[in-house]
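Quick one: the structure is below, and I'll ask about it shortly.
A, B, ... follow the sequence lines: proteins, then strands. Residue 1 opens every chain.
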Amino acid sequence: MPAPSLPGAQTQPASAPIDLPKTSQSPQLLRIRHSMSHVLALAVQTLFPEAKVTIGPWTETGFYYDFDHPEPFTEADLKAIKKEMGKIIARRLPLERIELSRGDAEARIRAQNEPYKLEILAGLVEPITLYTLGEGWWDLCAGPHVANTGELNGKAFDLESVAGAYWRGDENNAQLQRIYGTAWETPEQLAEYRRRKQEALRRDHRRLGIDLDLFSIEDEAGAGLVFWHPRGARIRLLIEEFWREAHFAADYELLYTPHVADLSLWQTSGHLDFYSESMFGPMQVDERQFQLKPMNCPFHVLTYASRLRSYRELPIRWAELGTVYRYERPGVMHGLMRVRGFTQDDAHIFCLPDQIGDEILGVLNLTEQILSTFDFNTYEINLSTRPEKSIGEDGVWELATRGLIDALERKGWAYTVDEGGGAFYGPKIDIKIEDAIGRLWQCSTIQLDFNLPERFDLEYVAADGSRQRPIMIHRAIFGSLERFFAIMVENYAGDFPFWLAPEQIRLLPVSDGALEFAADLQSKLRAAGVRSSLDRSGERLGKLIRQGEQQKIPLLAVIGAKEAEGGSVSLRSRRDGDLGTVAVAELLSAAAAANQQRAAGLNLPSP
RNA sequence: GCCGGUGUAGCUCAGUGGUAGAGCAACUGAUUCGUAAUCAGUAGGUCGUCGGUUCAAGUCCGAUCACCGGCUCCA
């Protein structure tokens, strides 16, 4: 019997997964998508002659085109446009490249009355090229394109959505209407693309957050403020416990600092000058103004400055799970990914200049250890160097940048360099992780800071008795716990490894006769530090199993008369299927060991 | 903040100006059951919020809040 298709069931592709080429990896696909955007523009101007064209590039999965059109495009319009595009493709219209002078191009654009094209022309260097599409329609374009629309597959494209977009990406400019589309070489690729979109939807942490009762965001409390429900809170606690353990092992100390502080602190730090738009407003308390903290760094800096420091103390490594609040504009919040209150796994290292390399290497090792525990094993590393507008002396920048490179090379991690991409106060390393469906997420960041030690006049006493400025390193591994949690939920699709599951084992009595034995087993599990629940609903086994699977419980333990008598359970694993009969003693020790080792599943002795 | 869309039961959704609905979940009862849904019953709503039009508003209009898809932003 085929497996029933259920919301909670794993969706497996029927055959081998189809490889989906990215535009940047396939010259032919690039031509297809580029031409497809011209076909879209022609279709729109055929149906809506008053629409003005602007730009229409390819994207990694398709293409879009921005139009200036007074009436918003509707879903029905999209359907009509798609139909018109189909007709254009079927006519096998040629696309021809024409090279012309600036004057000729300008004359042609004026004849068509396309104001945006005129603006684009002003920024182009000769030779100017345009591409025709059939008779009469053309667009300023560098290409390349397919030779004729017969190379486009009328069954391998779709229009996906309409969105607002600003002319030249500037919110002070006119708002245009962007039509997004996707296009592929074959209908099979389109189907696979749709399947992957479905898969991303299935993994959406906002969906899973509701289904698995992990967290919520409450209207009455405000947008972007997270309520962790018991199951989500338990997972977060497990993450935090592991994080603390790893930090102590890496010779960090932990800090707790206030959530608010006198506004002057943010004047000293400089945040008020260039960050105030992202801060919650100040509050008046007694005679002083207080500020909800958008960052933890000034607090760690104050802690450092609380007494005189010797060079013998350095490096100092202080970490804090610090909850910060930042004002995000309405309309930008997104589940747990972008919120107004979140917890950073922040740490600051104060060290001597010649300790930079070792310290950065230590951070890289700790980062790898922590991320790989959540099955993120593929990284993309970026090194950002000194920008034009920056503070600090050349020698310090060079020393610091060399320290970062030195650490990356000792770690053996390949990286790309973003010249001039650093912050004004120091160079940095950003780490992106790849998830189970190939998406990249930037979580970890390591930044050197020459600014804050200066502003707060941080010092240590050197060997010769002189006062020197320490080097400050900011680093976060998860970045934001909320956001990392969301990424992790989507990476696992809600199927948490055993050690992270809020409910690890659900005990399912076949009938009420097994309840007593099950209750006894539950207290044994609790004593062993294993999280379990006992279903007393009296429902039939089939239903209990269905519910357990839908709630993605890692282990279901069926308990009937047989098991009660033999002191065992019949185990069913969400990842590995039926595990057969397991003695209670074995279950207890295997489950406790799995927790201890932070394992994905139990290691049971073979039967 | 900007463009477009959506707010009806815990969840998914139906309801085209005239008595607020379904499925699942919940609760109660019966059933005591062996690996993805037992049966029956009960309860659950200021239709996001505020204002307006109308004899009458879930439905039409306005404002507002939130969410969704984007844009912009994210030292």
Exercise for the section: Measure up the His474(A) and Tyr425(A) rings against each other and bin them: parallel (under 30°), tilted (30 to 60°), perpendicular (over 60°). Expected result: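 Ring orientation, 0 to 90° scale: tilted.
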Practice task
Assess whether atom CZ of Arg234(A) is packed by more than 12 heavy atoms of other residues, nucleotides or ligands within 6.0 Å.
Solution key: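 No, CZ of Arg234(A) has 12 or fewer neighbouring heavy atoms, counting only those of other groups under 6.0 Å.
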Practice task
Please tell me which of the listed nucleotides, rA36(B), rC11(B), rG70(B), lies nearest to the side chain of Tyr180(A)?
Solution key: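 In terms of side-chain proximity for Tyr180(A), the closest of rA36(B), rC11(B), rG70(B) is rG70(B).
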Handout entry: Side-chain N or O of Lys543(A) closer than 4.0 Å to phosphate OP1/OP2 of rC24(B)
Key =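 No.
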Practice task
Name the closest nucleotide to the Ser570(A) side chain, picking from rU38(B), rU35(B), rC71(B).
Solution key: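 Side chain of Ser570(A) sits closest to rU35(B).
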Problem - Test salt bridge (Lys or Arg N to Asp or Glu O under 4.0 Å) applied to Lys82(A) - qualifying residues, sequence neighbours left out - result: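 For Lys82(A) the salt bridge (Lys or Arg N to Asp or Glu O under 4.0 Å) partners, ignoring immediate neighbours, are Asp158(A).
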Handout entry: Matching residue for Leu556(A) among Leu541(A), Leu571(A), Leu579(A), Ile545(A) - test: side chain to side chain contact (heavy atoms under 4.5 Å, CB included)
Key = Ile545(A)
Problem - Residue-phosphate contact under 4.0 Å: Arg206(A) side-chain N/O, rC68(B) OP1/OP2 - result: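 It does, given that an N or O in the side chain of Arg206(A) lies less than 4.0 Å from OP1 or OP2 of rC68(B).
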Practice task
Using only heavy-atom distances, decide whether a donor-acceptor pair under 3.5 angstrom links the side-chain of Arg326(A) to the base of rA75(B).
Solution key: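 No such pair is found, so the answer is no.
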Exercise for the section: Would you indicate which nucleotide in rU35(B), rA75(B), rU32(B) comes nearest to any side-chain atom of Asp512(A)? Expected result: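 Within the option list, the nearest is rU32(B).
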Handout entry: Ion pair check, Asp346(A) and Arg475(A), cut-off under 4.0 Å
Key =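 Judged by the 4.0 Å cut-off on N to carboxylate O distance, Asp346(A) and Arg475(A) do not form a salt bridge.
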Handout entry: Check: rG34(B) base within 3.5 Å donor-acceptor of Glu563(A) side chain
Key =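 A donor-acceptor contact between them is present.
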Practice task
May I ask you to decide if the ring planes of Trp184(A) and Tyr193(A) are parallel, tilted or perpendicular, using 30° and 60° as cut-offs?
Solution key: tilted
Exercise for the section: Between rG34(B), rA75(B), rU38(B), spot the one nearest the side chain of Arg540(A), thanks. Expected result: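 For Arg540(A), the side-chain atoms sit closest to rU38(B).
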Handout entry: Short side-chain N/O contact to rC71(B) OP1/OP2 from Tyr64(A), under 4.0 Å
Key = no
Handout entry: Glu539(A), nearest nucleotide to its side chain (from rC33(B), rU38(B), rA36(B))
Key = rU38(B)
Completion exercise
Closest of rG34(B), rA36(B), rU12(B) to the Glu549(A) side chain is rA36(B)
Handout entry: Nearest to side-chain heavy atoms of Val332(A), which nucleotide of rA75(B), rC67(B), rU72(B)
Key =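 Within the option list, the nearest is rU72(B).
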Problem - Name of the residue among Leu521(A), Ile553(A), Leu525(A), Leu534(A) meeting side chain to side chain contact (heavy atoms under 4.5 Å, CB included) with Ile505(A) - result: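 That would be Leu525(A); it is the only one of Leu521(A), Ile553(A), Leu525(A), Leu534(A) passing the side chain to side chain contact (heavy atoms under 4.5 Å, CB included) with Ile505(A).
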Exercise for the section: Would you write the dot-bracket representation of RNA chain B, where each base gets (, ), [, ], | or . depending on whether it forms a Watson-Crick or G-U pair under 3.5 Å and with which partner? Expected result: (((((((..((((....[..)))).(((((.......))))).....(((((..]....))))))))))))....
Handout entry: Nearest-nucleotide pick for Gln550(A), side chain only, options being rU35(B), rA36(B), rC11(B)
Key = rA36(B)
Handout entry: Glu60(A) atom CD, neighbour heavy-atom count above 12 within 6.0 Å
Key = yes
Practice task
Step through the shown structure and confirm whether more than 12 heavy atoms of other residues, nucleotides or ligands are within 6.0 Å of CD on Gln289(A).
Solution key: yes
Handout entry: Closest to the Ala223(A) side chain, choosing from rA36(B), rU38(B), rC67(B)
Key =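 Nearest nucleotide to the side chain: rC67(B).
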Exercise for the section: Answer with base, sugar-phosphate or nothing: what part of the nucleic acid does Gly331(A) contact at a heavy-atom distance below 4.0 Å? Expected result: base
Problem - rG69(B) phosphate, OP1 or OP2, under 4.0 Å from His334(A) side-chain N/O - result: yes
Handout entry: Side-chain-base donor-acceptor pair under 3.5 Å for Arg329(A) and rU72(B)
Key = yes
Exercise for the section: On the 0 to 90° scale, with breaks at 30° and 60°, tag the His69(A)-Phe73(A) ring pair as parallel, tilted or perpendicular. Expected result: parallel
Exercise for the section: Residues of residues 162-173 of chain A with any non-hydrogen atom less than 4.0 angstrom from an atom of RNA chain B: list those, numerically ordered, please. Expected result: Val162(A), Ala163(A), Gly164(A), Ala165(A), Tyr166(A), Gly169(A), Glu171(A)
